[in-house]
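Some notes on the structure that comes next.
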Amino acid sequence: MTTDSLLPIAAVLIPAGGAVLVALTTERRRNLRDAWSTIAAVALLAVMLLLLSDALDGQAARTTLLEISPGIDIALRADAAGMVFGLLASALWVVSGIYAVGYMRGEREQKQTRFFAAFALSISATVGVALAENLLTFILFYELLSLFTYPLVAHRETDEAIVAGRKYLAYTLSGGLLLIGAAAWLHVLGIDATFQPGGFLDGTTLDGAAQWGLFALLAGGVGVKAAVMPLHSWLPSAMVAPTPVSALLHAVAVVKAGVFGMVRVVAFAFGPALLLDMGAWTVLAGLSAATVLIASMLALRHDNLKRRLAYSTISHLSYIVLGAALLGPIALTGALLHMVGHGVTKITLFFAAGAIHVRTHKENVSQLDGIGRQMPITMGAFALASLSMAGIPPFVLFTSKVYLGWGAAEVGQQLFLLLYVASGVLSAAYLFPIVVRAFARSSTDHARYGEADMRMVVPIALTGIFALVWGIAPDLPLGFFELAESVAGDVFPAPVAAAGDTP
Amino acid sequence: MVIPVVTRTRSGVAFSLALGGSALSTAASAWALAEVLANGSIRYDLGGWAPPVGIQYVVDEVSAFVALVVTSVATLVIAGTRRWAEREAGARAGPFYALVMLLLAGLGGMVVTADLFNLFVFLEISSLAAYTLVFLGGRAGMLAGFRYLVLGSIGGAFYLLGVGFLYFSTGTLNMEETATILAASPSSRSVQAGAVFIFVGLGLKMALVPLHLWLPDAYTHAPSSVNSLLAPIMTKVGAYAMVRMFLSVFPDGYLKDEALVADGLLVLGLVGIVFGSVAAIRQSDIRRMLAYSSIGQLGLIAVGIGLATPLGLVAALLHVMNHAVMKGTLFLAAASVRLSTGLSSVNGLTGLGRAMPLTMACFTLGALSMVGIPPMAGFFSKWWAAQAGVESGQWVVVAVVLGSSLLTAVYVFIVLERVYLRPALPAEGHEASEETGVPVDETGDAPDASDEGVPAHVRGASESPVDVVLPLAVLALATVVLGVANSFIVTHVLEPGVR
């Protein structure tokens, strides 16, 4: 059931409007400018909360704009899956917007107006990706997201940043092209590419080779942003961006747009039954499982804190892809929860890394001895998030990992259950030493650093706490668990207990 | 009934009359399009002589559409390049605008005529006007114009030869009659040869690779008031003439099955897309970059025509419009930059994002549309071309059309990086180290010796006056509006037109 409403389009337009206001406000009135982005963030969250109750009732609100190609509308629909992603992005925008103000001023970054405007536009595109009802609308926002985040990656305007920007565009635009190819193909075949729980393809319209081709285009297209190996290498390079960008966009919005796209492709385009029939899930599961392990190991080798976190992100994104690829209701619930949990956890880690950089200009793990005593709140939150990343109860990533592992067992893939456990150990191995250094060792240099600006410390503490709170009560207050379960319920209608009989 | 499109304003009175004339013909085209959509094609027999004897003009959806595109873009460009025309033509503004009007009259005539020989006449009228306009670009312009003249005349001769062959076989020059006779009679070698000659001739006019050699020099060295006018519309009308051959002259499938013209177009178009885009990457002069980019974009039009399906023709015609608007935007923006800074090198754009925010915003819109970012016009060119490719099972077409977005992105972002990301005023010596410091992927923005020295001028750069920026902004916004409106244009104008 859907109801017509203006709220979905409002959710897309509010950040865009915020961006316009930001762009029109000069650097001289920067307090007003930064107020605009915060106001837009709060307004967006309010709209998303209004949409939430409808989504939970199964009455997804829907806006149809104009016919963009014969028979295809630009349409937004706030269904449960979209709400998981949209709520996550908008809730975290509030905190990271405040954090970004502290960070950008602390670092005395140039061209802050452009930064905040592009930031808000990126959020607008992210919400569009989340709420897109059909493939073409999804592509529209997916491409805009690539475009709007480009100036953020290249923000520092150094040669390194510009090269990273080029790489970023080359990867993400290529991904978009694969999707466009797929959409054109579907359109010519006369298939209505509107996302539906259980998929809009049913295996009768296409022959085997065409199915695989389409799957390669769609999964490849979203796989770029989901950083599934071997399509991941833009992400570590993009860490040259200012930390709020790494935190919100490259840990939450952009990469999650890819992962979310994968969920759409698997559960709402092909559907579990068809993928199981094709056997395509094995390819996806194999690649993502390999990514989980390889990226974790690569994370161990990096001394640069943000790079280590980037590889950790790659690894955890593939947890989610794998969860979707397992084609079971419990694994899918786990995947969506992991999306939320990883978002709030990883953003804490990046926030902390940024705060450390603002205060000390240190960016390598080996320089962080004793930092925990000087910045106790920041590093305390970092420690909480590390525990969550390792999947220690009762943190949020423990909860999601229980579902993922349980889901793997449910479809008879105990091997992947083992993988989840093993990679938890690896996560601990690349994060715990940082915490230990920070608190147990004494500082090597004699400078005394205090906590960063309050605008940074409060968001850090807040997200760190929510990494714990959502572990205990994932529904508090945004209803993520309920949403995730409702998605799984829609995609896997009760009688067909789905993929239980995989070989 | 009066032919609405051909506005024969040949007065020596300058700018305002020219602008008024082209605005009037825009209005006439718009009215004609509305009329055609409401009541079907408009026919007019010249001098009252019925078709086999006299010359007939026909305005259907396609010709009205192309006429509207050509006249409206021309109007905006004429409005936006007034300062250039004053500077470049000086006291000869009268003859200059007379030539511009002659060019438009020739192009308008090509669009509405239903007679093969009459098409040649208008083709030559517009071409002669274009050669002369290119001559205005100083010494280099003379050379480029002469080259254009020689090659263009050869193209015209090929076309005429082809028409001659057809005339021997059919005994008529009227397009519809030709089509009827060809459909009834068995295919012959002379008709096939005629078809090939016609397409070689038109291919030269639309700068189809490898017949593009005249284009880069002509666009680079022509005066700014001229290249902004030629680039968006000149080659498009050549493309239109090709579409017309498919729609009205040769029977369905003839060019594909009998003469292999379609396949030739397809292959050359694909080569053109890749060649033009790659060559554009290597250019250090912005006008030259845009010229090579045009060759690539015309390749896309050729591919659409070469697919020889209704969907392919729709894609080609849509791109005729989209490319006219996008290239008009880009050339006009380049002219605006040159007006303010005197520079036309890519390096000369460094840091202009601050100094000329409006011009550069328009340039960015046009450029992003070329890359094919939805929902801008350029995206839908690719969208329809990709669909046409899928429908015909031509996967190579789909891959090249979509892949060319990336090539476009490479040269577009080379420029945008300079505009927005590079520091505004690098010291002279700094520039070199910066060049080598960037591990340029395949982009190779090699420092060019002919580069005009750079940023000292940029310092004084300021936004162009409103009479330059306003037409530019209208064109730039059109890239967005036409993108969003593409569904309407395709279903209401193009699809009925190609059936």
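So that the names make sense, note that chain A is the first sequence line, chain B the second, and so on, each numbered from 1. Keep in mind it's a predicted model, so treat the numbers as computed, not measured. Note that these values count all heavy atoms, side chains included, but never hydrogens, waters or copies made by symmetry.
The environment of Glu160(A) atom CD is sparse: at most 12 non-hydrogen atoms of other residues, nucleotides or ligands sit within 6.0 angstrom.
The two atoms that bring Leu406(B) and Ser174(A) nearest to each other are CD1-OG, 3.4 Å, heavy atoms only. Nearest heavy atoms, Gln387(B) versus Ser69(A): NE2-OG, 4.3 Å.
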Using the rule given for side-chain contact (heavy atoms from CB on, under 4.5 Å), can you reason through Val398(B) versus Trp185(A), listing the C-alpha separation, both sets of side-chain angles and the distance that settles it, and then say yes or no?
CA-CA 10 Å; Val398(B) 182; Trp185(A) 190 354; over 6 Å; no

Passes side-chain contact (heavy atoms from CB on, under 4.5 Å), Ser405(B) versus Leu173(A)? Steps please.
CA-CA 8 Å; Ser405(B) 280; Leu173(A) 289 182; over 6 Å; no

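Of the inter-residue distances, the one linking Leu147(A) atom CG with Leu368(B) atom CG reads 5.5 Å to the nearest 0.5 angstrom. One finds the CG atom of Asp159(A) at 11.0 Å from the CG atom of Leu421(B) (value rounded to the nearest 0.5 Å). Considering CD of Glu157(A) and OH of Tyr420(B), their distance stands at 12.0 Å, rounded to 0.5 Å. Distance CZ/Phe379(B) to CD1/Ile68(A): 8.5 Å, rounded to 0.5 Å. Between the CG atom in Leu178(A) and the CG atom in Leu402(B) there is a gap of 8.5 Å [rounded to 0.5 Å].
Contact annotation for Phe488(B): neither backbone nor side-chain heavy atoms come within less than 4.5 Å of a heavy atom of chain A. Ala183(A) touches chain B through backbone and side chain together, each having a heavy atom under 4.5 Å away. Using a 4.5 Å cut-off between heavy atoms, Ala386(B) touches chain A through backbone and side chain atoms alike. Looking at Tyr142(A), neither its backbone nor its side chain comes within 4.5 Å of chain B, counting heavy atoms on both sides. Contacts between Val371(B) and chain A at a heavy-atom distance below 4.5 Å involve the side chain alone, from C-beta outward.
Note: Trp384(B) and His187(A) have perpendicular aromatic rings, judged against thresholds of 30 and 60 degrees for the angle between ring planes.
In terms of heavy-atom pairs under 4.5 angstrom with chain A, the leader among Thr491(B), Val484(B), Val490(B) is Val484(B). Of the residues considered (Ile72(A), Ile74(A), Leu136(A)), Leu136(A) shows the highest number of contacts with chain B, using heavy-atom pairs under 4.5 Å.
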